[in-house]
Student: 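Quick one: structure below, then a few questions.
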Protein chains: 2
Amino acid sequence: MAEKQKRESRGFMLKQRAFLKLYLITLMEKKKAYGLQILDTLTETFKPFGYQPTHSAMYEALYDLVEDGILHRQEIVPPHDRFKKLVYYQFTDDGADRAEIYKKQLKEEIDRCQGLLQQALKDNFG
Amino acid sequence: MAEKQKRESRGFMLKQRAFLKLYLITLMEKKKAYGLQILDTLTETFKPFGYQPTHSAMYEALYDLVEDGILHRQEIVPPHDRFKKLVYYQFTDDGADRAEIYKKQLKEEIDRCQGLLQQALKDNFG
DNA sequence: GAATGAACAGGTTGTTCATAA
DNA sequence: TTATGAACAACCTGTTCATTC
């Protein structure tokens, strides 16, 4: 009955989703924030590199972190509210610990990707 | 009537396809080769980085280069043939020139990606 | 307009099957 | 088994639409 089978990564580059999750964790360590606020920060950070993430990419990453049990949602109705709600995110009880584990993985993954790119420069532009 | 609309890249990482095309060009500069032979070479090169491209990924990249007018196919029936055919690839007349242009683009793209990864290391593990 | 969210569409990539010697 | 190729399925990502203030 339509067993959905997993697909293995062949280990090329890290995925945008993972990359954004890493940044979201680090931003949350600094201070609580809500969606589009975060996106603005990221957009500024990545502008020099010609990377402009979409809002849906960011939301997907955010949902992932909630599903991973790292963050939880906190809806806030701002005072003098002009807006219905803002959704702030912050760490769950053991979220910080889990986040550390995730970050450690990503560190290795980024190092690996840099190695691969470095090798490509050597091999193709020797 | 179902105008198929292009999707723009938001400029995250370079794609596997482009990465492989770059390697294929460089390998072809060194010597003619056929599909699975190339894959073996690539597999060896990338093994230290945990990247193992599939044969279909490589074929796709190869077809792309043919469509770009950079390479052309040359079917060869090997002497004492145990196999029906091997498909060797080599540069078209202006293929080498086009290849240089492509390589220049990829050089910039790889530099950009390295910058992005470097920034991520600084921002998240600084 | 700012903000969140979901649906949809397009493209890339990994797995599998087909064919041939 | 080696080699090429194609079909298919899963996934990722970008665009668009819906909704609320």
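Only this structure's heavy atoms are used, side chains among them; waters, hydrogens and symmetry mates stay out. Residue numbers begin at 1 in each chain, while the letters A, B, ... track the order of the sequences.
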Student: Output the rounded distance in Å from CG (B:Leu36) to P (D:dT4).
Tutor: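 After rounding, the gap between these two atoms is 5 Å.
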
Student: Using a strict threshold of under 4.0 Å (side-chain N to carboxylate O), is an ion pair present between A:Lys103 and A:Glu29?
Tutor: yes

Student: Check this for me: does any side-chain nitrogen of one of A:Arg98 and A:Asp68 sit under 4.0 Å from a carboxylate oxygen of the other?
Tutor: no

Student: Round to the nearest Å and state the distance from B:Tyr88 atom OH to D:dT2 atom C1'.
Tutor: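 B:Tyr88 atom OH is separated from D:dT2 atom C1' by 13 Å.
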
Student: For nucleotides 14-16 of chain C, list the nitrogen or oxygen atoms of the protein found under 3.5 Å from its nitrogen or oxygen atoms, one pair per line.
Tutor:
residue : atom : partner : partner atom : Å
C:dG14  : OP2  : B:Gln16 : NE2          : 3.1
C:dG14  : O4'  : A:Arg7  : NE           : 3.2
C:dG14  : O4'  : A:Arg7  : NH2          : 2.4
C:dG14  : O3'  : A:Glu8  : O            : 3.4
C:dG14  : N9   : A:Arg7  : NH2          : 3.4
C:dT15  : OP2  : A:Arg10 : NE           : 2.9
C:dT15  : OP2  : A:Arg10 : NH2          : 2.8
C:dT15  : O4   : B:Ser56 : OG           : 3.1

Student: Go through the structure and list residues passing ring pair (Phe, Tyr, Trp, His ring centres under 6.0 Å) with A:His72, not counting sequence neighbours.
Tutor: none

Student: Below 4.5 Å, heavy atoms only, C-beta onward: do A:Gln118 and A:Leu121 meet side chain to side chain?
Tutor: yes

Student: Mind checking what makes ring pair (Phe, Tyr, Trp, His ring centres under 6.0 Å) contact with A:Tyr51, not counting sequence neighbours?
Tutor: A:Phe46, B:Phe12

Student: Just how far, in rounded Å, is C1' of D:dC12 from CE of B:Met13?
Tutor: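 Checked: the CE to C1' distance equals 15 Å.
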
Student: Rounded to whole angstroms, how far apart are OH on B:Tyr63 and C1' on D:dG5?
Tutor: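 Whole-Å distance recorded here is 5 Å.
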
Student: Between A:Lys104 and A:Glu109, is the closest basic N to carboxylate O distance under 4.0 Å?
Tutor: no

Student: Within this structure, what is the CG-to-P distance between A:Leu86 and C:dG5, rounded to whole angstrom?
Tutor: 11 Å

